[in-house]
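Below: one structure, written as structure tokens.
Proteins come first, then strands; the chains are lettered A, B, ... in the order of their sequence lines, and each starts at number 1.
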Protein chains: 2
Amino acid sequence: MLRVSKLTDYGTLVMSHMAGSPDRLFSVTELAGTLRLNTPTVSKVLKALGRHNLVTSVRGTRGGYALARPAGTISVAEIVDALEEQPFGLTECSALSGTCDLESGCRIRANWQRINTAVRGVLNGISLADMMQPAPVAVRPSSIATRVAPRVIADKLKTQ
Amino acid sequence: MLRVSKLTDYGTLVMSHMAGSPDRLFSVTELAGTLRLNTPTVSKVLKALGRHNLVTSVRGTRGGYALARPAGTISVAEIVDALEEQPFGLTECSALSGTCDLESGCRIRANWQRINTAVRGVLNGISLADMMQPAPVAVRPSSIATRVAPRVIADKLKTQ
DNA sequence: CAATATAGGACCGTTTTAGTCTTATTTGCG
DNA sequence: CGCAAATAAGACTAAAACGGTCCTATATTG
């Protein structure tokens, strides 16, 4: 599906909202209210983020959550890692059932892993602070692609 | 889960194998045999690829499948598009339930879409021929391996 | 002690995915 | 013509993932 889960989506929303007031605590109910999300869901997201030390929590009557670090030092990749259950990876393995002919499967697999790190690089390069900017963060789409296979890209851009 | 489906994985395997002999036809049973995949599954994959005109098919006794175009002109993004059901997109929408406070949700959403195109750019820049190379295709070494530094990267990359 | 909050985890319904199967259609060949 | 081989299309099933809820425990404040 090549899609980030809703939990990750909520995570970026919640964290970016908290980033607006880095010095105070937000309770789950407050966050759910202002962001129009369900309370248990927000709770689940924050618990997961807390386990990965992206947010800190304070229990008790006046407790709540806050970002563990400044928004500029938290990457989207970290949020994805915290909220997506399975470890990051575009494929589990291209050659699942034993060896296929000529190890070509393993070649494919190695290349998938390369693509993988490239995608991860994109996610790693965007911080929570970037996500909050009203103007879209500058992520040049073809910066990575261009130096790989220029001919393909040229063809694609013409036909799409 | 930010992962490509198994069908897509199979698709790259099957297509890269067919790319080895661009001038002949491969039957489903042959492909399944050499790649150690199940026949119906291979059939399913090829049917989907055929609907998207990535492979051509010939029915009948000596029929089979072949790549519709040279491997160098087929991008991984096209295979993903053909085999992933849902349209490409990392999030469906970051602000699902109406408007959240201050439109921050929509800001997040816009930025997810930017990230989206960047990821797609990566996939778009890799051709099937690249995937077949024994040496991993050059997808820009992950100089971004470590955390943080997002600000620097975001600034360095120019807007689309 | 009581109220308020998070922590952890179990639980369930829905959706998606992977895979199989059935039926129809096309083509080659004796 | 008629049979065999092959794809086309889609229905169907089992399993896994996802989204969401709920329950119980624990910590903090006053």
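- Under 4.0 angstrom from either OP1 or OP2 of C/dA18 there lies no side-chain N or O belonging to B/Tyr10.
- Between A/Arg24 atom CZ and C/dA5 atom P there is a gap of 13 Å when expressed in whole angstrom units.
- Considering only heavy atoms from C-beta on, B/Tyr10 stays 4.5 Å or farther from B/Lys44 through its side chain.
- A salt bridge is defined here as a Lys NZ or Arg NE, NH1 or NH2 lying under 4.0 Å from an Asp or Glu carboxylate O, and A/Arg120 with A/Asp81 meets this definition.
- Salt bridge status for A/Arg69 with A/Glu78: present, with a side-chain N to carboxylate O gap under 4.0 Å.
- Using a 4.5 Å heavy-atom cutoff, the side chains of A/Leu46 and A/Met18 are in contact.
- Residues A/Met131 and B/Ile115 are in side-chain contact: their nearest non-hydrogen atoms beyond the backbone lie under 4.5 Å apart.
- Of the residues in residues 40-50 of chain A, those with a non-hydrogen atom less than 4.0 angstrom from any atom of DNA chain D are A/Pro40, A/Thr41, A/Lys44.
- Counting only heavy atoms from C-beta outward, the side chains of A/Trp112 and B/Val4 approach each other to under 4.5 Å.
- With rounding to whole Å, B/Leu25 atom CG is found 18 Å from C/dT26 atom P.
- Taking atom NZ of B/Lys6 as the reference point, atom P of C/dT20 lies 11 Å away to the nearest angstrom.
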Where do N or O atoms of nucleotides 2-4 of chain C meet protein N or O atoms at under 3.5 Å, pair by pair?
from: C/dT4; atom 1: O3'; to: A/Thr61; atom 2: O; distance (Å): 3.3

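- In this structure, A/Phe26 atom CZ and C/dT6 atom C1' are separated by 16 Å, rounded to whole Å.
- Looking only at distances, no side-chain donor or acceptor of B/Ser43 sits under 3.5 Å from a matching main-chain atom of B/Thr39.
- Between the B/Asp9 side chain and the B/Lys6 main chain, no donor and acceptor come within less than 3.5 Å of each other.
- Across the interface with DNA chain D, nearest-nucleotide mapping of A/Val58 and B/Val28 shows B/Val28 to be the residue nearer the 5′ end.
- Atom-to-atom, CG of B/Asp9 to P of C/dG19 comes out at 10 Å; the value is rounded to the nearest Å.
- For the pair A/Leu83 CG and D/dA17 P, the interatomic distance rounds to 17 Å; values are reported in whole Å.
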